[in-house]
Number of protein chains: 2
Amino acid sequence: MSVTTESISHPACSEIELSAVLHALSDPVRLMIVAELAKGEGEYTCGSFSLPVTKSTCTHHFKVLREAGVIQQRQQGTTRLNSLRREDLDARFPGLLGTILKAAPNSVAVAAETA
Amino acid sequence: MSVTTESISHPACSEIELSAVLHALSDPVRLMIVAELAKGEGEYTCGSFSLPVTKSTCTHHFKVLREAGVIQQRQQGTTRLNSLRREDLDARFPGLLGTILKAAPNSVAVAAETA
DNA sequence: TCCGTTGTACGACGAGCATCGTACAATAGC
DNA sequence: GCTATTGTACGATGCTCGTCGTACAACGGA
């Protein structure tokens with residue numbers, strides 16, 4: 001339980017578990033989120049994704065991704081900025097994120113190429 | 001729904017879904033099974049694994065892996081021979097299986113090196 | 001100051017999952 | 001033919017997950 005940014009709890013790099021990462025990415029909605037994040041390389045607010053779910057569900061998915069160590073969340077005013085923990089993931093599981101993004105289906109595959 | 005071997009239903013190579021594969025591998029027990037299979041490259045009976053679950057649960061896990069397209073099952077007498085669908089997986093999601101096995105924790109990591 | 005925006009918290013609900021025990025089917029070996 | 005082995009089938013159980021609605025908190029702009 002190491003606080004990386006402020007009061008939002010993130011797992012430390014060494015605490016990231018493979019099972020949790022795979023489970024986090026096994027949901028299509030969350031895979032879409034990660035693919036979007038990978039496309040842009042920067043920080044995105046939760047609302048900037050056009051997801052087929054409500055706000056509540058959205059919050060839930062971002063929480064799962066964060067607690068699995070896949071993304072990082074940083075509070076800025078009323079919005080929350082999300083970014084991929086690409087370096088931490090690559091350090092812990094080399095190549096994993098890249099191959100999953102390349103393997104991601106249809107529209108997501110296009111996103112992976114940009115990254 | 002294409003029958004690859006006999007009467008046991010396997011998904012065709014093109015029908016393998018990333019979400020299903022990731023979900024299948026997100027369970028520690030199933031990841032152990034896959035790592036064991038990857039270690040030996042051959043065919044193994046269900047009973048040859050020393051898993052911390054009962055027979056019933058074992059059957060369930062093998063079924064999940066098979067329906068996700070990760071493994072192949074072939075009936076031979078009373079036993080069922082399991083093998084990894086390494087080529088199909090590599091064709092559909094290049095590099096995915098390899099990176100996940102390399103990322104697999106502790107004892108599993110040793111198994112991945114052998115492969 | 002008031003309102004709109006952004007996102008969380010909490011409770012609820014239905015579905016799926018991991019696990020088990022028991023019963024059963026099929027084959028191999030004696 | 002009888003029995004041991006191997007694995008499935010089925011039902012049950014408790015847990016987790018994905019989804020939603022409503023209510024609420026925090027900040028920014030007019």
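Lettering of chains follows the sequences in order, A, B, ..., and the numbering in each one begins at 1.
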Legend entry - Residue mapping more 5' on DNA chain D - nearest nucleotide basis, Thr54(A) or Thr78(A): Thr54(A)

Legend entry - Side-chain heavy-atom pair Ile100(B), Leu22(B) within 4.5 angstrom cut-off: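 Yes, close enough: below the 4.5 Å cut-off.
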
Legend entry - Validation row: Asn82(A), Ile33(A) side chains within 4.5 angstrom (heavy atoms):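 No, too far: nothing below the 4.5 Å cut-off.
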
Legend entry - Leu31(A) reachable from Val53(A) in the ILVMFWY side-chain graph, under 4.5 Å edges: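 Shared cluster, yes.
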
Inset, instruction - Indicate whether the side chain of Thr54(A) and that of Thr57(A) have a donor and an acceptor atom separated by less than 3.5 Å. - result: yes

Legend entry - Distance-only polar pair, side chains of Thr45(A) and Thr79(A), donor-acceptor under 3.5 Å: no

Main-chain N/O of [Y] paired with [X] side-chain donor or acceptor, under 3.5 Å:
{"X": "Glu15(A)", "Y": "Glu17(A)", "answer": "no"}
{"X": "Arg66(B)", "Y": "Ser9(B)", "answer": "yes"}
{"X": "Gln75(A)", "Y": "Gly77(A)", "answer": "yes"}
{"X": "Arg80(B)", "Y": "Gln73(B)", "answer": "no"}
{"X": "Arg92(A)", "Y": "Ile16(A)", "answer": "yes"}

Legend entry - Gln76(B) vs Arg74(B), side-chain contact (heavy atoms from CB on, under 4.5 Å): CA-CA, chis, key distance, verdict: CA-CA 6 Å; Gln76(B) 186 174 73; Arg74(B) 189 168 64 86; 4.0 Å; yes

Inset, instruction - Kindly state which residues belonging to residues 58-68 of chain A come within less than 4.0 angstrom of DNA chain D, counting heavy atoms of the residue only, listed by number. - result: His60(A), His61(A)

Inset, instruction - Check every strand shown and say whether Thr57(A) touches a base, only sugar-phosphate, or nothing at a heavy-atom separation below 4.0 Å. - result: base

Inset, instruction - Tell me the stems DNA chain D sits in, counting at least three consecutive Watson-Crick or G-U wobble pairs, each under 3.5 Å on both distances. - result: C:1-30 with D:1-30

Let me know the distance between [atom1] of [X] and [atom2] of [N], rounded to the nearest Å.
{"X": "Lys55(A)", "N": "dT6(C)", "atom1": "NZ", "atom2": "P", "value": "9 Å"}
{"X": "Ile71(A)", "N": "dG7(C)", "atom1": "CD1", "atom2": "C1'", "value": "13 Å"}
{"X": "Gln76(B)", "N": "dT27(C)", "atom1": "CD", "atom2": "P", "value": "12 Å"}
{"X": "Ile8(A)", "N": "dT6(C)", "atom1": "CD1", "atom2": "P", "value": "17 Å"}

Legend entry - side-chain N/O Arg80(B) vs dA26(C) OP1/OP2, d < 4.0 Å: no

Inset, instruction - Under 4.0 Å from any heavy atom of chain B: name the first and the last nucleotide of DNA chain D that qualifies, 5' to 3'. - result: dT6(D) to dA9(D)

